[in-house]
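One-based numbering, in listed order, for ligands and for the atoms of each. Everything quoted here is computed from the prediction, not taken from an experiment.
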Amino acid sequence: MLETLEGLGQEAGEALRAIQDKSELGAWRSAYLGRRGKITDAVKAVGTLPPDERPAYGRRANELKRALEAAYEARAGELEKQSAVSARAADQVDVSLPGRPPRPGRLHPATRTLREIYRIFAEMGFQVYRSRDVETDDFNFTWLNMPPHHPARDMWDTFYTTQPGVILRTHTSPGQIHAMRQYHPEPIRVILPGMCYRYEQITARSEIMFNQVEGLAVGEEITMADLKGTLVDFARRMFGQGRQVRFRASHFPFTEPSAEVDMDCILCNGEGCRVCKYTGWLEILGCGMVHPVVLAYGGYDPAIYSGFAFGMGPERIAMLKHGIEDIRHFWGNDLRFLKQFG
Ligand code: PHE
């Protein structure tokens, strides 16, 4: 019986030394020292021996068990150290490998379009004027000639805050009032870019947030001819020198007269296609001569000063320019879309 025990001890010791990978340790442990392990069984077997053999056998069996447990801990420690060493070796930098090129980011298509618009207007002497996204009802509506309850307010679906009278701007036009109040009675030539917000159903054509670029010129003897000249020139610089531009009478409460500007469809050259809905024309912006009431709210005497204003949507313009069919791509954060620009 003692011999079998010694043989078993040897077998276990050899099996343990043969283990090269720490993942195999668990199996060894349960095979020998586990609840049904061979050594555990051998310790229990003491009960089957004649009483005079029990003390010697029992002592040796327990000794072996403890020795194997210690050997197990030692081997586990060794293997742990080995695997740390080899992991470090595997981690070493191979300085002869070619480097991974950094992937430069790029500008968002809306930002690119905005910058193109700034560049064109800068050449015409317009400076960028930054105005806030969070506005009061007065700036967004009342001082743009839309008193409370005026039905024209229905043109803009508004986000309200819990603070009465504080809203997210529905267009960049409130910036007109800020610029006028800052500069009056000096002449003004600015563009006002930035995010606008409307409480709308999100569809392929409309988003709840989008950029606008407002333009404002105020001074003495500014006429509709200045407005037309500026915008025709803009359309041609933005979309190509041959562009046809037309002004269509329209209505905005803060301009009088008001117009919408169309240009011949850049995709079909005015022949008629799906994008221009077979009209041959694409609407690019709204504009007009600043309403006397708005000039007065801005601090200018409408008997002396006049001005023009316009507002356009850069995402819309980018859509026309690049044939983008769905405005939701702009804020969808899909790299497959964004990577196509720049
Ligand atoms: N604010 C108008 C809109 O959002 C556009 C506009 C701006 C029209 C300036 C005329 C003058 O629809």
Side-chain angles (χ1 to χ4, degrees), residues 110 114 117 121 124 126 128-129 131-133 135-146 150-159 167-180 188-200 205-219 222-224 226-232 234-235 245-263 282-298 300 302 305-317 319 327:
L114 279 168
I117 296 169
F121 281 107
M124 296 194 250
F126 286 79
V128 171
Y129 186 95
S131 180
R132 60 197 69 173
D133 290 23
E135 272 296 0
T136 62
D137 181 283
D138 284 338
F139 275 99
N140 198 81
F141 293 116
T142 310
W143 295 331
L144 291 171
N145 199 24
M146 286 177 275
H150 193 286
R153 289 183 174 214
D154 290 351
M155 275 161 67
W156 292 275
D157 305 293
T158 310
F159 280 115
I167 62 168
L168 297 186
R169 64 175 174 189
T170 60
H171 50 175
T172 44
S173 301
Q176 289 188 31
I177 303 288
H178 288 289
M180 286 193 273
I188 296 179
R189 215 186 285 176
V190 291
I191 52 172
L192 307 109
M195 275 292 177
C196 303
Y197 308 86
R198 290 188 196 170
Y199 183 63
E200 283 190 13
R205 314 243 98 224
S206 60
E207 253 288 2
I208 59 168
M209 55 184 272
F210 52 90
N211 283 287
Q212 275 194 347
V213 177
E214 188 93 2
L216 175 69
V218 180
I222 290 183
T223 69
M224 187 93 184
D226 299 309
L227 166 66
K228 290 184 78 172
T230 305
L231 293 178
V232 171
F234 165 74
V245 179
R246 75 176 182 187
F247 287 71
R248 197 160 30 82
S250 183
H251 173 261
F252 298 101
F254 33 89
T255 48
E256 179 58 35
S258 305
E260 251 147 310
V261 175
D262 300 337
M263 68 177 180
L282 296 170
E283 183 189 317
I284 54 171
L285 55 85
C287 63
M289 300 305 291
V290 181
H291 196 287
V293 166
V294 176
L295 282 172
Y297 276 126
Y300 289 85
Y305 298 94
S306 56
F308 66 77
F310 56 86
M312 66 181 87
E315 286 88 10
R316 279 252 147 77
I317 286 179
M319 287 170 81
I327 199 168

S.K.: Return the closest protein heavy atom for atom 2 (C) of ligand 1 as residue, atom name and distance.
M.R.: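 Result for atom 2 (C) of ligand 1: F254 CZ, 3.8 Å.
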S.K.: Measure centre to centre between the rings of F310 and F121, then say whether the value is under 6.0 Å.
M.R.: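 Yes - the distance between ring centres of F310 and F121 falls below the 6.0 Å cut-off.
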S.K.: Relative to the heavy atoms of C287, which atoms of ligand 1 are at a distance of less than 4.0 Å?
M.R.: 8 (C), 10 (C), 11 (C)
S.K.: Can the ring centres of F159 and Y197 be said to be less than 6.0 Å apart?
M.R.: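 Between F159 and Y197, the centre distance exceeds or equals 6.0 Å.
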S.K.: Can you see which heavy atom on G175 is nearest to which on S131, and at what distance?
M.R.: CA-OG, 3.5 Å
S.K.: Under a heavy-atom criterion of less than 4.0 Å, does R198 contact ligand 1?
M.R.: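 Yes, R198 has a heavy atom closer than 4.0 Å to ligand 1.
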S.K.: Evaluate H171 for polar contact with ligand 1, using N/O atom pairs at a separation under 3.5 Å.
M.R.: yes
S.K.: Can you tell which part of M155 has a heavy atom less than 4.0 Å from ligand 1: side chain, backbone, both or neither?
M.R.: neither
S.K.: Tell me every residue that passes side-chain hydrogen bond (donor to acceptor under 3.5 Å, both in side chains) with R153, counting only those two or more places apart in sequence or in another chain.
M.R.: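 Counting only residues at least two positions away or on another chain, R153 forms a side-chain hydrogen bond (donor to acceptor under 3.5 Å, both in side chains) with D137, T142.
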S.K.: Kindly state whether the ring of H150 and the ring of F141 have centres lying under 6.0 angstrom apart.
M.R.: no
S.K.: Could you tell me whether R198 and E207 make a salt bridge, using a distance below 4.0 angstrom between a side-chain N and a carboxylate O?
M.R.: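 No, R198 and E207 are not salt-bridged.
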S.K.: Check this for me - ligand 1, S173, N or O atoms closer than 3.5 angstrom, yes or no?
M.R.: yes
S.K.: For the 3.5 Å polar cut-off, considering only N or O atoms, please tell me whether Q212 and ligand 1 meet it.
M.R.: yes
S.K.: Run the numbers for me: atoms of ligand 1, each under 4.0 Å from some heavy atom of F310, listed by number.
M.R.: 7 (C), 9 (C), 11 (C)
S.K.: Please could you name the atoms of ligand 1 that G311 approaches to less than 4.0 Å, counting only its heavy atoms?
M.R.: 6 (C), 7 (C), 9 (C)
S.K.: What residues form a side chain to side chain contact (heavy atoms under 4.5 Å, CB included) with R316, not counting sequence neighbours?
M.R.: R205
